[in-house]
Amino acid sequence: MTKKQIDYVTCVIGALALRTGKSCSLIYRKLQDAGIIKDYLAAAYDVLHTFSLEYVAEDVIELMKKKGSALC
(Lines give C-alpha, C1' and ligand atoms only; values in the text may rest on other atoms or scores of the structure.)
Protein backbone atom coordinates (compact mmCIF):
# COMPACT_ATOMS: atom_id res chain seq x y z
CA MET A 1 0.00 0.00 0.00
CA THR A 2 1.08 3.55 -0.64
CA LYS A 3 1.25 6.18 2.10
CA LYS A 4 -1.89 7.80 0.68
CA GLN A 5 -3.76 4.49 0.88
CA ILE A 6 -2.56 3.90 4.44
CA ASP A 7 -3.66 7.40 5.46
CA TYR A 8 -7.03 6.85 3.82
CA VAL A 9 -7.59 3.47 5.47
CA THR A 10 -6.71 5.07 8.81
CA CYS A 11 -9.34 7.78 8.24
CA VAL A 12 -11.98 5.22 7.29
CA ILE A 13 -11.20 3.17 10.40
CA GLY A 14 -11.57 6.32 12.51
CA ALA A 15 -14.90 7.14 10.88
CA LEU A 16 -16.11 3.58 11.50
CA ALA A 17 -14.98 3.75 15.14
CA LEU A 18 -16.91 6.99 15.67
CA ARG A 19 -19.99 5.64 13.93
CA THR A 20 -20.06 2.30 15.76
CA GLY A 21 -18.63 3.30 19.14
CA LYS A 22 -16.03 0.54 18.82
CA SER A 23 -12.27 0.97 19.21
CA CYS A 24 -10.07 1.61 16.19
CA SER A 25 -8.05 -1.52 16.97
CA LEU A 26 -11.18 -3.69 16.99
CA ILE A 27 -12.37 -2.17 13.69
CA TYR A 28 -8.92 -2.71 12.16
CA ARG A 29 -8.83 -6.39 13.21
CA LYS A 30 -12.31 -7.08 11.88
CA LEU A 31 -11.60 -5.37 8.54
CA GLN A 32 -8.23 -7.10 8.24
CA ASP A 33 -9.75 -10.52 9.01
CA ALA A 34 -12.48 -9.97 6.41
CA GLY A 35 -9.99 -8.82 3.76
CA ILE A 36 -11.72 -5.44 3.45
CA ILE A 37 -8.56 -3.36 3.85
CA LYS A 38 -6.55 -4.98 1.07
CA ASP A 39 -9.29 -6.17 -1.26
CA TYR A 40 -11.62 -3.16 -1.04
CA LEU A 41 -10.27 -0.02 0.62
CA ALA A 42 -6.75 -0.18 -0.83
CA ALA A 43 -7.76 -1.78 -4.12
CA ALA A 44 -10.50 0.77 -4.84
CA TYR A 45 -8.71 3.76 -3.28
CA ASP A 46 -8.68 5.76 -6.53
CA VAL A 47 -12.49 5.80 -6.57
CA LEU A 48 -13.34 5.58 -2.88
CA HIS A 49 -11.29 8.57 -1.77
CA THR A 50 -13.55 10.81 -3.85
CA PHE A 51 -16.55 9.93 -1.64
CA SER A 52 -17.24 11.22 1.86
CA LEU A 53 -15.95 9.20 4.79
CA GLU A 54 -19.54 8.81 6.01
CA TYR A 55 -20.57 7.24 2.71
CA VAL A 56 -17.59 4.86 2.67
CA ALA A 57 -18.15 3.96 6.34
CA GLU A 58 -21.77 3.03 5.58
CA ASP A 59 -20.64 1.05 2.53
CA VAL A 60 -18.10 -0.87 4.61
CA ILE A 61 -20.71 -1.60 7.30
CA GLU A 62 -23.03 -3.05 4.65
CA LEU A 63 -20.18 -5.04 3.09
CA MET A 64 -19.25 -6.49 6.47
CA LYS A 65 -22.89 -7.48 7.07
CA LYS A 66 -22.90 -9.33 3.73
CA LYS A 67 -19.73 -11.15 4.79
CA GLY A 68 -21.43 -12.14 8.06
CA SER A 69 -19.16 -10.06 10.29
CA ALA A 70 -21.15 -7.05 11.43
CA LEU A 71 -19.27 -4.12 12.94
CA CYS A 72 -22.15 -2.88 15.06
Side-chain angles (χ1 to χ4, degrees):
M1 273 196 292
T2 67
K3 179 170 177 4
K4 286 183 179 182
Q5 289 171 317
I6 292 168
D7 290 345
Y8 179 72
V9 168
T10 301
C11 288
V12 172
I13 289 171
L16 286 164
L18 287 173
R19 183 173 173 94
T20 63
K22 309 289 184 196
S23 71
C24 289
S25 59
L26 175 67
I27 298 291
Y28 172 80
R29 282 193 306 274
K30 286 185 170 251
L31 295 180
Q32 187 71 12
D33 290 347
I36 300 293
I37 293 175
K38 178 182 162 213
D39 297 337
Y40 182 62
L41 294 175
Y45 166 77
D46 290 340
V47 173
L48 291 176
H49 85 279
T50 65
F51 296 109
S52 71
L53 286 174
E54 294 79 16
Y55 176 85
V56 175
E58 184 62 35
D59 199 37
V60 169
I61 288 169
E62 291 302 314
L63 183 57
M64 289 294 287
K65 285 179 186 175
K66 289 179 184 176
K67 288 183 168 272
S69 181
L71 292 175
C72 49

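What you see is a predicted model; the values in this text were computed from it and never measured. Computed over heavy atoms, backbone and side chain alike; hydrogens, waters and symmetry mates excluded.
In terms of hydrophobic clustering, with Ile, Leu, Val, Met, Phe, Trp and Tyr side chains grouped at heavy-atom distances under 4.5 Å, L16 and L26 are assigned to different clusters. Hydrophobic clustering of Ile, Leu, Val, Met, Phe, Trp and Tyr side chains at less than 4.5 Å, counting indirect connections, unites I61 with F51. Criterion: ILVMFWY side-chain heavy atoms under 4.5 Å apart, direct or through other members. Under it, L41 and L18 are not part of a common hydrophobic cluster.
Here the closest non-hydrogen pair linking M1 and A42 is SD-CB, 3.5 Å. Here the closest non-hydrogen pair linking M64 and A34 is SD-CB, 3.7 Å. The nearest pair of heavy atoms linking S23 to A17 is C-CB, 4.3 Å. Shown here for L53 and A15, the closest heavy-atom pair between the two residues is CB-CB, 4.1 Å. H49 approaches Y8 most closely through the heavy-atom pair CA-CE1, 3.7 Å. Closest approach of L63 and I36 over heavy atoms only: CD2-CD1, 3.3 Å.
Residues Y40 and L48 form a side-chain contact, since some pair of their non-hydrogen atoms from C-beta on lies under 4.5 Å apart.
Remark: Y28 pairs with no residue by the ring-ring contact (aromatic ring centres under 6.0 Å, His included) rule, at least two apart or across chains.
Going from atom OG1 of T10 over to atom NZ of K3 covers 8.5 Å, rounded to the nearest 0.5 Å. Separation of atoms OG1 (T50) and OH (Y55) is listed at 9.5 Å; rounding is to 0.5 Å. The distance from atom OG of S25 to atom CD of Q32, rounded to the nearest 0.5 Å, is 13.0 Å.
By the 4.0 Å N-to-carboxylate-O rule, R29 lies too far from D33 to be salt-bridged with it.
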